[in-house]
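Letters A, B, ... are given to chains in the order of the sequence lines, protein chains preceding strands, and every chain is numbered from 1.
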Amino acid sequence: MNTIELYRKLLAKLGPQGWWPFDEEYHRINNSDARFEIIVGSILTQNTAWENVKKAIDNLKKERLLSIDGINKVKLEFLEELIRPSGYYHQKAIRLKNLASYLVENYNSNLDVLFEKELYDLRRELLELKGIGRETADSILLYAGSKPIFVVDAYTMRLCNHIPLYISDSYDDVQRFFQDNLKSFFKDEEKLVDVYKELHALIVYLGKTWCRVKPICNTCPIREDCNYYTS
DNA sequence: TTCCGGCGGA
DNA sequence: TCCGCGGGAA
């Protein structure tokens with residue numbers, strides 16, 4: 001079992017996951033607000049079930065506040081109220097407003113300028129912001145910016161240990177492992193970005209459904225390749 | 001009760 | 001490295 005096989009097997013068994021920006025809606029309206037929505041989602045979903053994030057995003061849409069200027073102008077207390085379903089709403093409201101004001105002041109609310117920056121320069125820059133750690137920064141870069149960077153999360157770590165695919169507790173090491181493997185196989189950068197997007201989504205689904213803290217191995221789609229099940 | 005597409009602070 | 005943050009659904 002290697003990263004390529006993992007990708008192929010998960011895609012074959014589970015199908016494409018339809019994460020951003022695979023939705024037709026995001027292809028159709030490939031504008032700044034759509035990209036900003038991905039950024040907002042990546043912050044709201046921090047340790048939070050996606051269903052709850054959707055409610056928060058719907059609330060923002062309903063109030064027509066799901067834009068850089070909208071978040072920048074809205075009162076903090078009202079923003080908290082709108083995003084309450086996504087949990088941690090005090091800190092997440094502050095994180096959103098920090099980010100929005102940062103985008104207004106430094107990029108004149110223009111995400112195209114933001115994503116023109118070199119990948120790792122921009123990554124360092126995003127990590128400076130309060131409320132954006134490695135996973136959130138990488139989600140923003142990959143899903144909103146279509147930059148070639150692989151998102152690692154708790155599921156990825158667990159899966160790597162169970163198979164085992166690569167043993168490490170280091171986010172950076174696991175990320176480098178996936179990227180080195182996949183980019184040597186998928187030479188075309190656009191394809192590589194799509195693989196990064198899809199594989200992370202597939203791993204999340206796998207982790208949410210089978211490879212949990214208490215794994216449900218007997219129906220897991222990759223149990224035959226996993227040492228955790230076969231031993 | 002558990003778990004969720006983490007993060008900052010100490 | 002551990003802890004608080006937090007609502008919603010199973």
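Spacing between atom NZ of A:Lys214 and atom C1' of B:dC4 amounts to 16 Å, rounded to whole angstrom units. Summarising the geometry, the separation between CG on A:Leu159 and C1' on B:dG5 is reported as 15 Å, rounded to the nearest angstrom. We find that CD of A:Glu128 is positioned 11 Å from P of B:dG8, with the value rounded to whole Å. Here the P atom of nucleotide B:dG6 and the CD1 atom of A:Ile140 are 14 Å apart, to the nearest Å. For the pair A:Ile43 CD1 and B:dG8 P, the interatomic distance rounds to 10 Å; values are reported in whole Å. In this structure, A:Ile216 atom CD1 and B:dC3 atom P are separated by 11 Å, rounded to whole Å. Rounded to whole Å, the distance from CG on A:Leu199 to P on B:dG5 is 16 Å. A:Trp50 has its CH2 atom 17 Å from the C1' atom of B:dC3, to the nearest Å.
Relative ring orientation between A:Tyr166 and A:Phe177 is described as parallel, the plane-to-plane angle staying below 30° on a 0-90° scale split at 30° and 60°. Relative ring orientation between A:Trp19 and A:Tyr143 is described as tilted, the plane-to-plane angle lying within the 30° to 60° band.
For B:dG5, the base is stacked against the aromatic ring of A:Trp19, per a cut-off of 5.5 Å between centres and 30° between planes.
Heavy-atom contacts of chain A under 4.0 Å fall on DNA chain C between two terminal nucleotides, which in 5' to 3' order are C:dC5 to C:dA9.
Within 4.0 Å (heavy atoms only), A:Ser86 reaches at least one base atom of the nucleic acid. Heavy atoms of A:Thr48 sit under 4.0 angstrom from at least one base atom. A:Glu135 comes within 4.0 angstrom of sugar-phosphate atoms only, judged by non-hydrogen atoms across all strands, and of no base. Backbone-only engagement by A:Arg134 is indicated by non-hydrogen atom pairs under 4.0 Å involving sugar-phosphate atoms exclusively. Heavy atoms of A:Leu129 sit under 4.0 angstrom from primed sugar atoms or phosphate atoms, though from no base atom. Note on A:Tyr88: a base of the nucleic acid sits closer than 4.0 angstrom, heavy atoms only. Note on A:Lys92: nothing from the nucleic acid sits closer than 4.0 angstrom, heavy atoms only. In this structure, A:His90 reaches the sugar-phosphate backbone alone: every heavy-atom distance under 4.0 Å involves primed, P, OP1 or OP2 atoms, never a base.
B:dG5 and C:dC3: their P atoms are spaced 23 Å apart (whole Å).
Listed by first and then second residue, the salt bridge (charged side-chain N to carboxylate O under 4.0 Å, His left out) pairs that reach into residues 136-156 of chain A are A:Arg123-A:Asp138, sequence neighbours excluded. Within the structure, the salt bridge (charged side-chain N to carboxylate O under 4.0 Å, His left out) test picks out the following pairs touching residues 90-116 of chain A (sequence neighbours left out): A:Arg35-A:Asp112.
At a cut-off of 3.5 Å, with distance as the only test, no side-chain donor of A:Tyr102 or A:Lys130 sits close to an acceptor on the other residue. No side-chain N or O of A:Trp50 forms a donor-acceptor pair with one of A:Thr45 less than 3.5 Å apart.
Each of A:Arg95 and A:Lys55 was assigned the nucleotide of DNA chain C with the nearest heavy atom; the assignment lying further toward the 5' end belongs to A:Arg95. If you find the closest nucleotide of DNA chain B to A:Lys208 and to A:Ile132, the one lying nearer the 5' end belongs to A:Lys208. For the pair A:Lys130 and A:Glu51, nearest-nucleotide mapping onto DNA chain B gives the more 5' position to A:Glu51.
OP1 or OP2 of B:dC4 sits under 4.0 Å from a side-chain N or O of A:Tyr155. When the side-chain nitrogen and oxygen atoms of A:Thr136 are compared with OP1 and OP2 of B:dC7, one or more of them lie within a distance under 4.0 Å.
The existence of a salt bridge linking A:Asp173 and A:Arg176 is confirmed by a sub-4.0 Å separation between a basic side-chain nitrogen and an acidic carboxylate oxygen. Between A:Glu51 and A:Lys54, at least one side-chain nitrogen of the basic residue sits less than 4.0 Å from a carboxylate oxygen of the acidic one, meeting the salt-bridge criterion.
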